[in-house]
Amino acid sequence: MLELNFIRANKSRVLQGLKIKNFPQEGLQVIDDILKLDDGRKETQTNLDSLLAERNQLSKSIGNLMKSGQKAEAEAMREKVAALKEEAAQLEESLNDTKAQLEELLLKVPNIPHESVPPGTQPEDNEVYKAWETTLPELGPDALPHWELAQKYGVFDLELGVKLTGSGFPVYRGKGAKLERALISFFLDEAIKAGFEEVIPPLMVNEDTARATGQLPDKEGQMYFVERDNLYLIPTAEVPVTNIYRDVILDESDLPIKMTGYTPCFRREAGSYGAHVRGLNRVHQFDKVEIVVLDHPDKSYETLQQMLAHVSGLLDKLELPYRILRLCGGDMSFTSALTFDFEVFSAAQKRWLEVSSVSNFETFQSNRMKLRYRDGKSTRLVHTLNGSALALARIVAALLENNQTPEGIVIPKVLRTYTGFELLN
RNA sequence: GGUGACGUGGGUGAGUGGCUGAAACCACCGGUUUGCUAAACCGACGUACUCUUAACGGGGUACCGCGGGUUCGAAUCCCGCCGUCACCGCCA
């Protein structure tokens with residue numbers, strides 16, 4: 001949620017930003033509506049406050065009059081207060097009304113993009129921020145896509161997942177399961193080495209939590225919902241982990257706060273069909289290690305670069321070819337100010353697969369969750385950032401395809417202490 | 001799931017209708033004293049909204065788990081919800 005004061009002070013910048021984010025032209029009116037509503041809110045607030053002040057004053061007098069036995073005067077004042085009360089009740093109702101409307105409108109406005117975000121409406125418009133400089137791996141004509149390799153070596157079984165649950169819920173088996181667990185451990189250990197605190201959060205969250213990071217109200221359809229208990233299955237660890245600091249006022253010296261967490265992620269996703277969603281390309285449940293940073297507004301973009309370096313380091317160590325994209329306005333998430341996607345080249349499919357998304361949300365999430373730090377005598381919203389480091393399913397897909405040999409799948413060196421084997425066959 | 005107790009500021013904890021935005025103590029912060037540390041003493045010490053001020057600051061309103069109610073007036077009384085703890089039942 002954008003800060004009201006920011007909108008007020010930077011209206012033209014907001015409008016311009018919304019355009020880059022492909023906010024519908026006819027919806028731009030919402031900004032003026034918001035400001036107008038807020039003007040009304042202030043006025044009502046002021047009026048109500050002075051009414052209540054008067055009431056408090058009178059009440060005090062009544063008490064004194066009663067004590068000194070001046071019943072008649074007290075009675076007269078009581079009537080006066082009764083009239084005030086009615087008026088105050090009306091103002092209060094209208095104030096609550098205005099606030100609710102304001103909130104509703106504010107929730108509709110996406111974050112505005114950082115100045116470096118390129119314009120565009122679709123994935124093709126994303127800017128290649130860092131290309132893969134050396135040649136891409138070329139496999140022979142008999143190279144297999146990962147879903148066939150999985151079948152050949154018993155890495156994971158999607159049909160078994162259908163039996164147990166439904167489509168998009170892979171069952172990892174044997175060395176495949178071990179590989180999955182090795183990757184999780186490797187990613188966590190790397191994050192811990194880089195100074196992140198490991199957390200194991202709940203996999204289900206309540207409505208407040210989902211709203212604070214921006215999943216609600218607009219992306220309701222993306223999450224699984226447990227109706228009976230009013231809980232959402234998390235689509236990413238970002239949601240519970242960032243919310244650890246909801247309604248918290250930090251000391252400036254606490255920043256930055258760096259956390260990492262492994263969780264399964266659940267995505268309903270309307271989804272398309274065909275080759276693009278085959279195998280592990282798109283599933284309803286996948287494992288991911290997430291990194292989350294809460295930082296000082298002046299430092300957050302520097303931190304974003306460090307996060308990019310961290311993720312790059314992981315992919316380097318796994319010896320996977322990748323590129324980094326700077327997402328265009330139209331392809332960015334509702335909540336983000338700047339997002340970089342990492343894509344790994346999956347050599348048999350000859351496709352780039354998104355394995356990480358690293359974003360700075362600036363104060364968009366912290367405003368919703370009232371996450372601040374002490375800045376001298378006042379408080380200020382912190383910047384929140386997060387990134388996948390990394391999403392497992394597609395990493396496994398790329399590893400299987402890129403590392404296939406007639407003897408089996410070659411496990412990258414860094415993982416061997418975790419897997420205990422060098423060849424998956 | 002059942003029964004009982006309880007939910008006050010960063011912490012402990014006082015407060016059963018007006019003098020309580022809230023005692024006291026601890027922690028934190030500033031200062032005095034001090035060779036350093038410690039101790040002692042003094043002072044400051046919530047958040048949000050709003051009005052006012054060039055600014056420092058000052059005024060007002062709301063908030064004692066959350067929501068509603070009674071009352072001229074509620075942390076304090078009533079109702080609902082949520083949560084915590086204890087005991088019982090069940091259980092990885």
Side-chain angles (χ1 to χ4, degrees), chain A residues 1-9 34-107 200-212 216 226-232 240 243-255 257 264 294 363 365-382:
Chain A
M1 200 157 65
L2 288 178
E3 292 172 80
L4 213 33
N5 288 338
F6 180 83
I7 298 177
R8 199 173 277 290
I34 285 171
L35 291 177
K36 212 163 148 195
L37 267 177
D38 191 46
D39 288 338
R41 192 206 103 243
K42 280 189 185 180
E43 199 185 322
T44 312
Q45 180 79 64
T46 307
N47 291 338
L48 176 62
D49 282 355
S50 60
L51 270 181
L52 290 176
E54 197 180 337
R55 183 204 66 182
N56 289 345
Q57 197 99 78
L58 287 171
S59 289
K60 219 171 237 182
S61 312
I62 291 173
N64 291 332
L65 290 171
M66 300 281 274
K67 239 178 251 171
S68 56
Q70 297 166 268
K71 286 231 165 109
E73 287 87 337
E75 210 52 52
M77 277 195 179
R78 255 187 223 192
E79 277 170 38
K80 217 164 154 188
V81 173
L84 281 181
K85 231 173 119 177
E86 216 168 293
E87 205 179 331
Q90 270 176 26
L91 279 179
E92 204 180 329
E93 201 189 321
S94 113
L95 182 66
N96 287 338
D97 233 56
T98 309
K99 277 184 177 168
Q101 282 177 52
L102 199 52
E103 169 99 358
E104 200 185 315
L105 292 187
L106 278 169
L107 284 172
I200 301 181
L203 305 182
M204 293 199 264
V205 294
N206 59 34
E207 211 175 301
D208 287 345
T209 300
R211 194 198 332 273
L216 293 179
V226 181
E227 193 163 351
R228 194 169 164 165
D229 298 289
N230 238 282
L231 295 172
Y232 295 87
N243 269 277
I244 289 173
Y245 285 91
R246 188 172 78 226
D247 284 318
V248 168
I249 302 176
L250 295 160
D251 282 329
E252 193 170 345
S253 60
D254 293 333
L255 301 172
I257 288 179
L294 315 178
T363 60
Q365 293 181 327
S366 59
N367 190 33
R368 285 195 186 188
M369 68 176 96
K370 306 216 179 327
L371 163 52
R372 296 97 92 205
Y373 71 95
R374 248 172 238 295
D375 182 38
K377 284 192 174 175
S378 65
T379 63
R380 247 179 110 186
L381 295 170
V382 313

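All of these numbers come straight from a predicted model, not from anything done at the bench. Order of the sequence lines sets the chain letters (A, B, ...), proteins ahead of strands, with each chain counted from 1.
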Residue pairs fulfilling salt bridge (Lys or Arg N to Asp or Glu O under 4.0 Å) with at least one residue in residues 35-44 of chain A, sequence neighbours excluded: A:R8-A:D38, A:R8-A:D39, A:D38-A:R41
Residue met sooner reading RNA chain B from 5', once A:K42 and A:R372 are mapped to nucleotides: A:R372
Applying the Watson-Crick and G-U wobble criteria at under 3.5 Å, what pairs with [N]? Answer none if nothing qualifies.
N	answer
B:rU71	none
B:rG83	B:rC6
B:rC49	B:rG60
B:rA39	none
B:rA14	none

side-chain hydrogen bond (donor to acceptor under 3.5 Å, both in side chains) pairs, two or more places apart, involving residues 87-96 of chain A: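 Qualifying pairs, neighbours excluded: none.
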By side chain to side chain donor-acceptor pair (under 3.5 Å) - contacts of A:D97 (at least two apart):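 Not a single residue meets the side chain to side chain donor-acceptor pair (under 3.5 Å) criterion with A:D97.
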Show which side-chain atoms of residues 372-380 of chain A pair as donor or acceptor with protein atoms under 3.5 Å away, not counting sequence neighbours.
residue, atom, partner, partner atom, Å
A:R372, NH1, A:K370, O, 3.3
A:Y373, OH, A:H296, NE2, 3.2
A:Y373, OH, A:R380, NH1, 3.3

Gap between atoms CD1 and C1', on A:I249 and B:rG9 respectively (whole Å): 12 Å
Length of the CG-P vector between A:D375 and B:rU47, whole Å: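 Roughly 12 Å, once rounded to whole Å.
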Flag, side chain of A:N56 to backbone of A:A53, donor-acceptor distance under 3.5 Å: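 Between the backbone of A:A53 and the side chain of A:N56 there is no qualifying donor-acceptor contact (under 3.5 Å).
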Footprint string (nucleotides 61-85 of chain B, 5' to 3'): B base within contact, S backbone only, - free, heavy atoms under 4.0 Å: SS---------BS------------
ring-ring contact (aromatic ring centres under 6.0 Å, His included) against A:Y245, all qualifying residues, sequence neighbours excluded: none
